[in-house]
Amino acid sequence: MIELKQLTKHFEKFTALKNVDLKIETGTAFGLLGSNGAGKSTIMRLLSGIYRADSGEALIDGENVYDNVAVKQRVFFIDDETVQFSGYTLNKLKEYYKSYYPQFSDEIFDKLRRKLSLPLDKKIGNFSKGMKRQAIVIIGLASCTDYLFLDETFDGLDPTMRVIVKSMLVDAILDRKVTAIISSHNLREINELCDHAALLHNGRLVLSQDIDSLKGEFHKMQLVFRPDENGKEVEYTRDDIESIGIDVLHFEKTQRVYRIVAKGDEETLKAAFAAKRPLVLDVIPLTLEEVFIYELEVLGYDCSEINN
Amino acid sequence: MTVQKSTIKKSFFGVHYSNKIKENKKLLIVITILQMMGYPLFVLSRLMKENEQGGMLVAMFAFAVAALSGIVVVLSCYKYLYNKSMTDMNMALPLTSKQRFFSEYLAGLTIYAAPAIAGGIIGAIILFAEEQLHIRTFDMPTQNYWLYALIILTGMVMFYTLIVMTTTCCGTMFSSVISAGMINILIPAIFYTMEVCVSNAQCFGISGRETFNQELYGTSPLGNAVFLFNYVDNAMYPVDNIAFGQAVYIRWFITSAAVIAAALLGGYLLFKHRKSEEVSTPYVYKTFYYTAVTLSVLCAVLLMVVNNSGYLVAFGICGIVYLIMEVISNRGFRKFWKSIIRFGATGVLVFLIALTVKRTECFGISKYVPDSSAVRSASVTFSSKYYDHAYDSPRYTYSRKDIIEKIIELQRKKIDFHYNENSKEKYIKENEIIKADNISTARIENEESVEIAYELSSGRIVERKYSCGEDEIYDLFEEIKCTDKYADTEAENLMAVTLNTINAKNREEAIKKQSDIKLDIYNNIDTIASDYLTLDYDELDELCEAYRADLKQMTPQSYKTSRPILWLYKPLEFEIRDNFKNTLEFLEKHGIKIGKAQEISMNNTSQIWLYTDAIEYGGLKGKKTKETIPKYYMYSKYTVMDTTDGGNMPSIRMDHLIPMSEAMGKGTSDILKALKQDNELEEILKVAQPEYNADSIGGVLIINNKVYMIPKEYKKQVEDVYNRYFAKLVLNKKVDEYGNAYYQDEYGDNVYSGMASTNNFYDKYGLYHYSLSGEKVYESKIANSDD
């Protein structure tokens, strides 16, 4: 199990993480979501023992990771770089990592390499960006560590390769109960791969939840309200809606149609809106991406403002 | 899909070490090639007769490149410290900071030093094979080969370790390279600056070179190089160098090892505490940067100020460089005002340090006197006039405690005199020295330089240089001459020098040429040999042993009460004193007359000097008392001088400077003819002695450049002869309007001319010159003169 306790990390005057508490159960595929600079990569580096926490703890199975050989042997981190190991061939790279990870599986390596058709004796420096990614992913998977951290790993892969690499990852998670933390800006991938996700913003943890329940907790509603007794159209503001106990993440009105994204159980929301006698009330399921956007909008990270 | 069972391994030290070497395989190959072109090629070039110089140049260049490649090795092994793309994958590997740092350190060291060791071993094999096969002898002492190798290797390890330490402080390649260069130049530069400052401060008894050279040796690779050159120089020319005792090497090694250990430990601690995210920050540890820059400015300013560039120019130039460094390290002009404040603070610091050095007289080191218990040996170098012969070593080294204490006592006295005016006054009073008297004050100060060097038990060498009065030198010299070491050295020198005249190196060669062994004998002041000995090897050996035995029996007391009467070999080289029983017996056995003049012939005599009185001046004469003066009239190297200034040579000053010479005009020539036929002079010639052994003398006679002493019983006859003939030489002294004095005989011939006011003369009362009116004007008088 991974546990972050009041984890704080500063980069000079910039606070990358502030008092983050998070638990990730063993065998979980955990998605890390967040805006740029939210602290996703910092968490992964802290969990890989690359960074040392300024305060708080980054624990894996109850042990601090930094300078801990026993724990680090069970962790493999794939960052978003593609320039290292340029002078190595894939074969040499395999031997290199095999020496640090005694549990390294040649069998898995060969199988995955053949699947991706990667050459063994060609220098990695001559690989394309996508091939470099594939190479390090198969090394990471063949290292057979209990924990696998992937930071923007799918960038640079073509759609077909994304599917193949994802399936390899899923196999590993299912076969070996690997605990994987995946950060990506592609929320569809997180949606597909992960069962849990956490949202970070400005170094703080906004939420951490099971993806299904996360999606179930946010609802996009399309409403049209009845006119009053005088036949006059009723005008509701965001405050009016919130006054009936609804946690509004997004509020939008186009002519008579209200589009409201709210947090809460579907039935509870429906019951709350019933008091306003809606003429039409449609509940549209939210994608993870929408949850991400609307949640951050509440925190002031509003993409609509960019257009304005 | 089967998965290998997870095994937890505790350490990947060895794995990381070998992986680092594999990563840098190409670098290892290049350095190995360079090292093979280094020392082995150097040795081979010496063996090959053709193109020796070219081969050696290539070898030295290759070795220099290989040695400097330490920077490349460190930058390659610790690439992830300044290359961000490398950081994550390296730091995520299952290693602790300690395992990572030390495995990389050792891997780099292997890449850097292993080829050098291999090259050294190959070179050694070639060298020793060459020695065994006698192909061609090497002019360097090969028995110390392993020590040379140790010095070179230690310098390389230090160079590498210092760069590792600085690299851990840096976050970019540029700053890493700059810092690597800076640390290796800055450490010796600090000591060099201190040397220059101390030399410039002219602290009493101190010269910078001697003070800081030893600190330089073990603290930087450049210092190691200086140590190596000094060591080789010392091994090849041991006589001319400062004593390089074993303790010096131990001290150098301990210092070097301590610097390496400190740099390694410092490097590790800095590595351990540096943050991975600080890659690409020019200086991860700003303290390092500011210390290095401040020290650089300090050295540069002090050196410029010492070289008379002035504070303003020095600060101006350094300020520009400092601010450029600030712009580079801060990546722009952000907070530029802070840089100006920092430079201002540095300037104040420089000024304070310069002031402290001046005020404290080099931190008080000029007053430091070692405790005799901490001194392993002490060496003394006198100026050349105190040696008996030029063949001797210019530096005497002693480990006898009493001599060490005597040397320390001299140093303590010099310091006391310099800093405490009362001590000087007391000494002058106790020794009846007239302070205003030039001759007397010369006895206690500013006469001759004496260099003292102590080798302390810690291996440190303390060197001082003082101007000493002749009394002080003489006292010390007496002690030094009365040692077994001096006796052995002198006896061996006598043998070596004598054999050298027949081009023989050993007994066998000497026996073949025995008829050629010839030793000249000189008596007192003569510059012409008065006799000679012809010896075979065994007789020469016997003479040397006799001489050794006599020297060994000599005590400071017997040295003071004896006098030199003969000299062996070249002019005045091996002194034989009147109490050298064994040597004198040997000489007499071989027909040498001791203490008697050869028959003095007046034939072909063109010049005669006769002095009724004589005052000695200058030289190694000890305290001028009535008891000691006569003995020193006859001291070995004295030449008769008739100029005021004896120059650097000891001299006898006479009260009459004009010889009786045929060349001086008709009148003088006539007087000389009459003198040659004088009966009283005939009497004097019969008692004239080449040596003198009495409390006072009756006169001095010089005939054909040979000096004879007249015993005191014949003083009246000397005065009679003098008054009859020599007193007539100068009857008139005329001084012209320009101050030129002309001395004329009874016929009006000029027998001497010179500046009346600047030509000083001596008589028994002291130093005088003639005034324009022709009166004697005494400039100083002998302390215990009768007047």
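Chain naming here is simple, since letters A, B, ... match the order of the sequence lines and numbering starts at 1 in each.
- Heavy-atom contacts from other residues, nucleotides or ligands closer than 6.0 Å to NZ of A:Lys94 number more than 12.
- Around NZ of A:Lys92, the count of heavy atoms belonging to other residues, nucleotides or ligands within 6.0 Å exceeds 12.
- For the residue pair A:Asp67 and B:Thr96, no side-chain donor N or O sits within less than 3.5 Å of a side-chain acceptor on the partner.
- The OH atom of A:Tyr96 lies 10.5 Å from the NZ atom of B:Lys22; values are rounded to the nearest 0.5 Å.
- Heavy atoms from other residues, nucleotides or ligands lying under 6.0 Å from NZ of A:Lys166 number more than 12.
- Heavy atoms closer than 4.5 Å to chain B are found nowhere in A:Phe149, neither backbone nor side chain.
- Under the 4.0 Å criterion applied to side-chain N and carboxylate O atoms, A:Lys9 and B:Glu277 are assigned as salt-bridge partners.
- B:His273 NE2 to A:Arg52 CZ: the interatomic distance, rounded to the nearest 0.5 Å, is 6.5 Å.
- Between A:Lys72 and B:Leu93, the closest side-chain pair of non-hydrogen atoms is not below 4.5 Å.
- A distance-only check finds no donor-acceptor pair linking the side chain of B:Lys275 to the backbone of A:Phe11 [under 3.5 Å].
- A:Lys123 NZ: 12 or fewer foreign heavy atoms inside a 6.0 Å radius.
- The two residues B:Ala92 and A:Tyr101 have their closest heavy-atom pair at O-OH, 3.9 Å.
- No side-chain donor-acceptor contact under 3.5 Å links A:Ser99 to the backbone of B:Val15.
- Listed here is the closest heavy atom pair of A:Asp79 and B:Met89: OD1-SD, 4.2 Å.
- Note that CG of B:Leu95 is 6.0 Å distant from OH of A:Tyr100, once rounded to the nearest 0.5 Å.
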Query raised in the report: Given the rule in the side chain to side chain contact (heavy atoms under 4.5 Å, CB included) test, do A:Gln73 and B:Phe12 qualify, once you have shown the distances and angles that lead to the verdict?
Result: CA-CA 10 Å; A:Gln73 262 181 93; B:Phe12 290 91; 3.4 Å; yes

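- For chain A, no part of B:Glu278 is nearby; none of its heavy atoms comes within less than 4.5 Å.
- Of the inter-residue distances, the one linking B:Asp88 atom CG with A:Phe77 atom CZ reads 5.0 Å to the nearest 0.5 angstrom.
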